[in-house]
Number of protein chains: 2
Amino acid sequence: MGNRRKTPVEIDTISAHQCSIGLRLELLGKLPFLASLSADELAAANKRFKTRDFVEGATIYFADDPATHLYVVAIGQVRLMQHSPAGKDILLDVLQPGEFFGSLMPGDDGRYAETAQAHTDTCILGINADEFRRLMTSDPGIALAVLDLTTERLRAAQETVRRLSAYPMEQRLAAVLVRLAGKLGEQRADDLLIQTRLSREDLAQMTAATPETISRIMTQLQKDGLVNSGRQWVAVKDMAGLRRLAEG
Amino acid sequence: MGNRRKTPVEIDTISAHQCSIGLRLELLGKLPFLASLSADELAAANKRFKTRDFVEGATIYFADDPATHLYVVAIGQVRLMQHSPAGKDILLDVLQPGEFFGSLMPGDDGRYAETAQAHTDTCILGINADEFRRLMTSDPGIALAVLDLTTERLRAAQETVRRLSAYPMEQRLAAVLVRLAGKLGEQRADDLLIQTRLSREDLAQMTAATPETISRIMTQLQKDGLVNSGRQWVAVKDMAGLRRLAEG
DNA sequence: CGACGAATTGAACCTATTCAAAGGGTGTGG
DNA sequence: CCACACCCTTTGAATAGGTTCAATTCGTCG
């Protein structure tokens with residue numbers, strides 16, 4: 001009776017067969033950039049993708065590895081990270097099912113810009129970059145949809161640059177929490193739970209800070225009634241207030 | 001006799017007729033994303049572009065304006081900037097002839113992500129975003145070329161995020177100088193001149209610093225023999241050394 | 001329960017900012 | 001053509017925001 005765990009975040013352990021053939025077609029059909037395909041075309045495209053599984057923490061590829069494949073998250077969550085010589089890591093994003101990552105440019109000169117890591121137990125679908133390029137060539141709708149998603153990511157990256165350049169820590173943290181809650185938020189009685197394991201270290205890597213600073217600011221945000229938080233989880237209590245804080 | 005000006009940077013004042021019909025075809029033909037077009041197609045595309053002139057300092061569009069057009073730099077240089085409520089500006093890039101900016105997404109929901117400003121007297125070619133989308137739909141080669149350029153920009157933006165997050169000022173400045181010299185560098189007897197007006201304030205806005213800090217670091221870099229610099233100009237003397245410094 | 005990793009808290013330190021003042025190149029108007 | 005005014009740049013001293021290091025507390029899982 002009752003769960004003794006305090007973490008409100010659900011942690012799925014996936015079995016080897018969840019990422020089955022049946023699931024794949026359904027999944028691919030939902031991808032925004034494959035929406036223009038007919039059922040037949042979709043089935044053909046499906047054959048091009050290969051399934052791969054990763055346990056939590058496993059690395060899918062490293063930054064600067066030769067970039068050969070485009071991946072789509074099927075089950076679980078994927079972390080995109082960057083590294084610096086000094087050992088400081090940056091957490092760019094946590095991807096959900098349906099989001100793509102990896103290489104869009106064919107040819108062997110390209111290298112991955114980030115490291116991709118399984119944030120939970122994960123199943124991903126991979127397609128060779130050249131093959132995907134052929135798909136885009138034959139169907140401009142796919143190319144344009146991918147272009148739109150990429151443009152949107154460029155905009156998001158520029159927004160991150162803006163925040164890193166011109167905002168103090170507290171506002172940067174608020175902005176990250178607003179973004180995560182919008183993307184991964186799950187409504188609860190009293191707040192919006194960010195549905196992923198999220199340590200102070202993770203938040204530090206998303207805001208260019210140290211875990212200690214994040215801890216101090218989180219304490220303040222809780223006092224102000226903006227968020228609830230515990231070990232490896234965060235919930236947004238006052239979205240509007242947090243958004244106001246983020247904008248300055 | 002002789003020029004009394006000390007600035008080594010060439011400052012062009014363009015006349016109203018330089019951006020003529022004849023030049024346009026030549027220019028459009030050189031664009032990487034229109035390379036796949038035949039002469040006829042190019043002439044047809046050319047009709048879709050309209051010419052606009054701006055004097056130095058004039059604003060082409062503001063961030064958050066409704067995004068309607070895609071532009072290509074024909075003559076001169078264009079600054080892409082961002083703003084923050086606190087009044088801190090960010091200088092994202094200085095675009096050269098042949099580079100595009102503005103809107104890639106049609107529809108009236110989109111807004112410009114940055115402010116575009118004439119960094120010198122400038123002539124640009126503009127095309128309606130919907131019309132350009134039609135061009136991309138009819139020729140996947142164009143769409144893919146634009147996708148590649150956008151992907152490259154996303155990579156550059158993520159690199160900026162990495163530098164802002166994990167590197168101290170000196171290394172960030174070194175990295176910016178390396179990038180600018182690679183893009184706008186003009187070989188001279190003893191160094192590589194960055195061919196654009198570049199104040200301490202500009203460099204500050206590119207590295208998330210203050211002009212004072214830039215000044216102090218520049219003094220140091222000159223002492224170390226890595227750069228030469230004066231009022232509104234910078235030249236890289238030791239590219240390899242500067243690159244080494246940037247990487248850490 | 002016991003142990004390990006995460007989170008908190010405190011104090012010293014450091015990098016870069018802020019504010020202020022002085023010096024120098026540009027180009028403009030007399 | 002020269003002189004002055006303007007803005008860019010340099011330099012200094014005080015300050016602040018965030019980091020670092022270290023010690024302690026707390027939650028979670030075996």
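As the structure is a prediction and not an experimental result, all values here were calculated from the model. Lettering of chains follows the sequences in order, A, B, ..., and the numbering in each one begins at 1.
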Identify whether any heavy atom of A/A208 sits under 4.0 Å from a base atom; if not, whether one sits that close to sugar-phosphate; answer base, sugar-phosphate or nothing. sugar-phosphate

Taking protein heavy atoms under 4.0 Å as touching, what does nucleotides 5-15 of chain C look like 5' to 3' if B marks base contact, S marks sugar-phosphate-only contact and - marks none? BSSBBBB----

Does a donor on one side chain and an acceptor on the other come within less than 3.5 Å for B/T196 and B/Q77? yes

Could you list by number each residue of residues 83-94 of chain B showing a heavy-atom separation from DNA chain D of less than 4.0 Å, or answer none if no residue does? none

Going by the rule side-chain hydrogen bond (donor to acceptor under 3.5 Å, both in side chains), which residues pair with [X] if we only count those two or more places apart in sequence or in a different chain?
X	value
B/E186	B/Q195
A/T150	none
A/S165	none
A/R188	A/D191

In whole Å, what is the span from the [atom1] atom of [X] to the [atom2] atom of [N]?
X	N	atom1	atom2	answer
B/L203	D/dT10	CG	C1'	15 Å
B/K223	D/dT11	NZ	C1'	11 Å
B/L173	D/dT9	CG	P	13 Å
A/R197	D/dG27	CZ	P	17 Å
B/E56	D/dC7	CD	P	14 Å
A/L164	D/dG18	CG	C1'	14 Å

Short N-O contact, B/R197 and B/D202, less than 4.0 angstrom: no

Students should find that the end-to-end axis angle of the helix from C/dC1-D/dG30 to C/dG30-D/dC1, with five pairs defining each axis and rounding to 10 degrees, is 30°

Would you mind listing every side chain to side chain donor-acceptor pair (under 3.5 Å) that reaches into residues 62-76 of chain A, with sequence neighbours excluded? A/R52-A/Y71

Taking only distance into account, with no hydrogens and no angle test, what donor-acceptor pairs under 3.5 Å do side-chain atoms of residues 238-248 of chain A form with protein atoms, sequence neighbours excluded?
| unit_1 | atom_1 | unit_2 | atom_2 | d |
| --- | --- | --- | --- | --- |
| A/D238 | OD1 | A/A240 | N | 3.4 |
| A/D238 | OD1 | A/G241 | N | 2.8 |

Taking only residues two or more places apart in sequence or in another chain, which ones pass salt bridge (Lys or Arg N to Asp or Glu O under 4.0 Å) with A/R162? A/E159

Would you please name every residue forming a salt bridge (Lys or Arg N to Asp or Glu O under 4.0 Å) with A/R200, sequence neighbours left out? none

Contacts under 3.5 angstrom, residues 88-101 of chain B side chains, donor-acceptor by atom type, not counting sequence neighbours:
| unit_1 | atom_1 | unit_2 | atom_2 | d |
| --- | --- | --- | --- | --- |
| B/D89 | OD1 | B/H83 | ND1 | 3.0 |
| B/D93 | OD1 | B/R179 | NH1 | 3.4 |
| B/D93 | OD1 | B/K183 | NZ | 3.0 |
| B/D93 | OD2 | B/K183 | NZ | 3.1 |
| B/E99 | OE1 | B/Q96 | N | 2.8 |
| B/E99 | OE1 | B/K183 | NZ | 3.2 |

